[in-house]
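In what follows, chains carry the letters A, B, and so on, assigned in the order in which the sequence lines appear, proteins first and then strands, with residues in each chain numbered from 1.
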Protein chains: 2
Amino acid sequence: MNSSISNMSKFTGSTSEFIAQTLRIAIFKGKYKANQPLRQDRIAKELNVSKIPLREALVQLKSEGLVVFLPNRGAVVSMLSPAEVREIFSMRLALESLAVEKAVPNIREAELIRARSVLKIIDREKDKSTWSDLNREFHEILYKPSNMRLLLNTIQTLHNNVGRYLVIYLDRLSGTEASREEHWGILDAYKEKNIDKAQSILKTHLGKAEEHLMRFLGEFSEVD
Amino acid sequence: MNSSISNMSKFTGSTSEFIAQTLRIAIFKGKYKANQPLRQDRIAKELNVSKIPLREALVQLKSEGLVVFLPNRGAVVSMLSPAEVREIFSMRLALESLAVEKAVPNIREAELIRARSVLKIIDREKDKSTWSDLNREFHEILYKPSNMRLLLNTIQTLHNNVGRYLVIYLDRLSGTEASREEHWGILDAYKEKNIDKAQSILKTHLGKAEEHLMRFLGEFSEVD
DNA sequence: GATTATACTATTGTTGAAAATCATAATAAT
DNA sequence: ATTATTATGATTTTCAACAATAGTATAATC
């Protein structure tokens, strides 16, 4: 995925999509933090765009859960409550289990090989930011054979919604060793076409990620 | 739920929400059919609004799957492919099962009573349009105790996305008798706090609805 | 000190118009 | 007659300047 985009010219697609993607990345990178207002004229000037596509982008981000509109006070980066974090992980488990169920029977050798090569890179990778990207890619490879565009979209959105915190607390992310084992385990399960096994490992995988994030958010709110 | 709204004055909330809700209902009622373009200046004049909130509303509807944007050709009412219908029902089953799981332990006597009274009205109801509303209300009552705002939102969106066809083919909807039995069965399962039973009935319930819609869409596309 | 008045800031929404793109009709070429 | 090319018109997409409104902070008044 293309990280940062400086100007519109390199971007194919509408202006509002360009803005949405730019803001999405800015939120991920922590440029805009939770509860921070997104000032329209400032952003419009910064990106050299007008209000119409900008507001369209903000509505789009609202629908993705990254932004909340306060009436007459504009858009602010949303802050997930602990309950919402749990909610999102529950939904992810339900939907990603479905993706696994539908994808396992369809997966091909080529995709398994690609997944394995991604895992091998992950094992060596030190930089947590690209580690996060590779992590996403791994799961994408395994879900795509479900051939369910809408499902993949929704999973991606939910993943983004909790994943944006990753960048902030990624430095002290320690549990990556266990995470690695789980990745290999899921890949094994795919090779064996064992849906139950893949789903079961996915469950512990997501469960750990959830607990990590919950603990982090706990500290975070105490400090603040 | 408030059916049609003639003008903005009666509406609390932003203009774009008003437009979105108006268009949503118009799509449900079949005023705008699948693949039909949504002309901006026409709608803007019709509703006495300007472009900014109108486009915001269209982006919102896009995020709900009711509308698709064709580059430089504007928004058209989306047409679900058979594969997408199956996809949505799969997602609904996964998410509504989750809602059941989380709601059953929390449901109270008062809500069970309300659900039962809704079912009794449904049993007598002849008008299919209000039948559809009551049907939605019944499921809402049973899901709400999950206390998962985001989940309920997503379920609602998915329901809308297939439910809009209901209005068109509701007249010849025959399988309502079986549907009634399933409703009472789900309610029973809730009373017994039997999650598995509730989920199992839900599965056949959604499965039948899916087959109905698939068959209808089959005929529909042949005629066209 | 609490309350009201006032100025300021930002959103929200309107209006009008320019630029870009697509579909279609009209025209020219093979 | 069929294909290519070129206008034409319609519509989206975006911009820009402005009005109205609500929220916030500051100053004035009781």
Assess the residue pair B:Gln60 and B:Glu64 against the criterion (side-chain hydrogen bond (donor to acceptor under 3.5 Å, both in side chains)); give the C-alpha distance rounded to whole Å, side-chain angles, the decisive distance to 0.1 Å, and a yes or no. CA-CA 6 Å; B:Gln60 174 63 36; B:Glu64 296 173 15; 2.8 Å; yes

Starting at atom CG of B:Asp41, determine the distance to atom C1' of C:dT15, rounded to an integer number of angstrom. 14 Å

Measure from the side-chain heavy atoms of B:Ser50 and tell me the nearest of C:dT15, C:dT11, D:dT14. C:dT15

So CG of A:Leu54 and CZ of A:Phe18: to nearest 0.5 Å the spacing works out to 11.0 Å

Could you label the plane-to-plane angle of the B:His183 and B:Phe138 rings as parallel, tilted or perpendicular, counting under 30° as parallel and over 60° as perpendicular? tilted

Report the residue from B:Leu38, B:Leu61, B:Asn35 that forms a side chain to side chain contact (heavy atoms under 4.5 Å, CB included) with B:Val77. B:Leu38

Could you write nucleotides 20-25 of chain C as a row of B, S and -, 5' to 3', where a protein heavy atom under 4.0 Å of any base atom gives B, of only sugar-phosphate atoms gives S, and otherwise -? -SSS--

Starting at atom CZ of B:Arg42, determine the distance to atom C1' of D:dA10, rounded to an integer number of angstrom. 13 Å

Give B:Leu54 one of three labels, base, sugar-phosphate or nothing, depending on what nucleic acid heavy atoms sit under 4.0 Å from its own. nothing

Within this structure, what is the CZ-to-P distance between A:Phe69 and D:dG23, rounded to whole angstrom? 16 Å

What is the distance, rounded to the nearest whole Å, between atom NZ of B:Lys45 and atom P of C:dG16? 11 Å

Listed nucleotide nearest any side-chain atom of A:Ile52, set D:dT13, D:dT14, D:dC18: D:dT14

Among A:Glu137, A:Glu140, A:Glu109, which residue satisfies the salt bridge (Lys or Arg N to Asp or Glu O under 4.0 Å) criterion with A:Arg114? A:Glu137

Rounded off to whole Å, could you give me the CD-to-P distance for the A:Gln40 and D:dA16 pair? 15 Å

Check the phosphate of D:dA10 against B:Arg39, side-chain N and O only, distance under 4.0 Å to OP1 or OP2. Yes or no? no

Nearest-Å distance, NZ (A:Lys51) to C1' (C:dT11)? 8 Å

How many whole angstroms separate atom CD of A:Glu56 from atom C1' of D:dT12? 11 Å

Mind checking if B:Leu58 touches a base, just sugar-phosphate, or nothing, with heavy atoms under 4.0 Å? nothing

Between B:Glu17 and A:Lys62 (salt bridge meaning N to carboxylate O under 4.0 Å), is one present in this structure? no

Can you tell me how far P of D:dT12 sits from CG of B:Leu70, to the nearest Å? 11 Å

Could you tabulate the donor-acceptor pairs under 3.5 Å formed by side-chain atoms of residues 83-108 of chain B, not counting sequence neighbours?
unit_1	atom_1	unit_2	atom_2	d
B:Glu84	OE1	B:Ser81	N	2.8
B:Glu84	OE1	B:Ser81	OG	3.3
B:Glu84	OE2	A:Arg149	NH2	2.6
B:Arg86	NH1	B:Glu210	OE2	2.7
B:Arg86	NH1	B:Glu211	OE2	3.3
B:Glu87	OE2	A:Arg149	N	3.1
B:Glu87	OE2	A:Leu150	N	2.5
B:Glu87	OE2	A:Leu151	N	2.7
B:Ser90	OG	B:Arg86	O	3.1
B:Arg92	NE	B:Glu96	OE2	2.7
B:Arg92	NH2	B:Glu96	OE2	3.2
B:Glu96	OE1	B:Tyr143	OH	2.5
B:Ser97	OG	B:Leu93	O	2.7
B:Asn106	ND2	B:Lys102	O	3.4
B:Asn106	ND2	B:Pro145	O	3.0

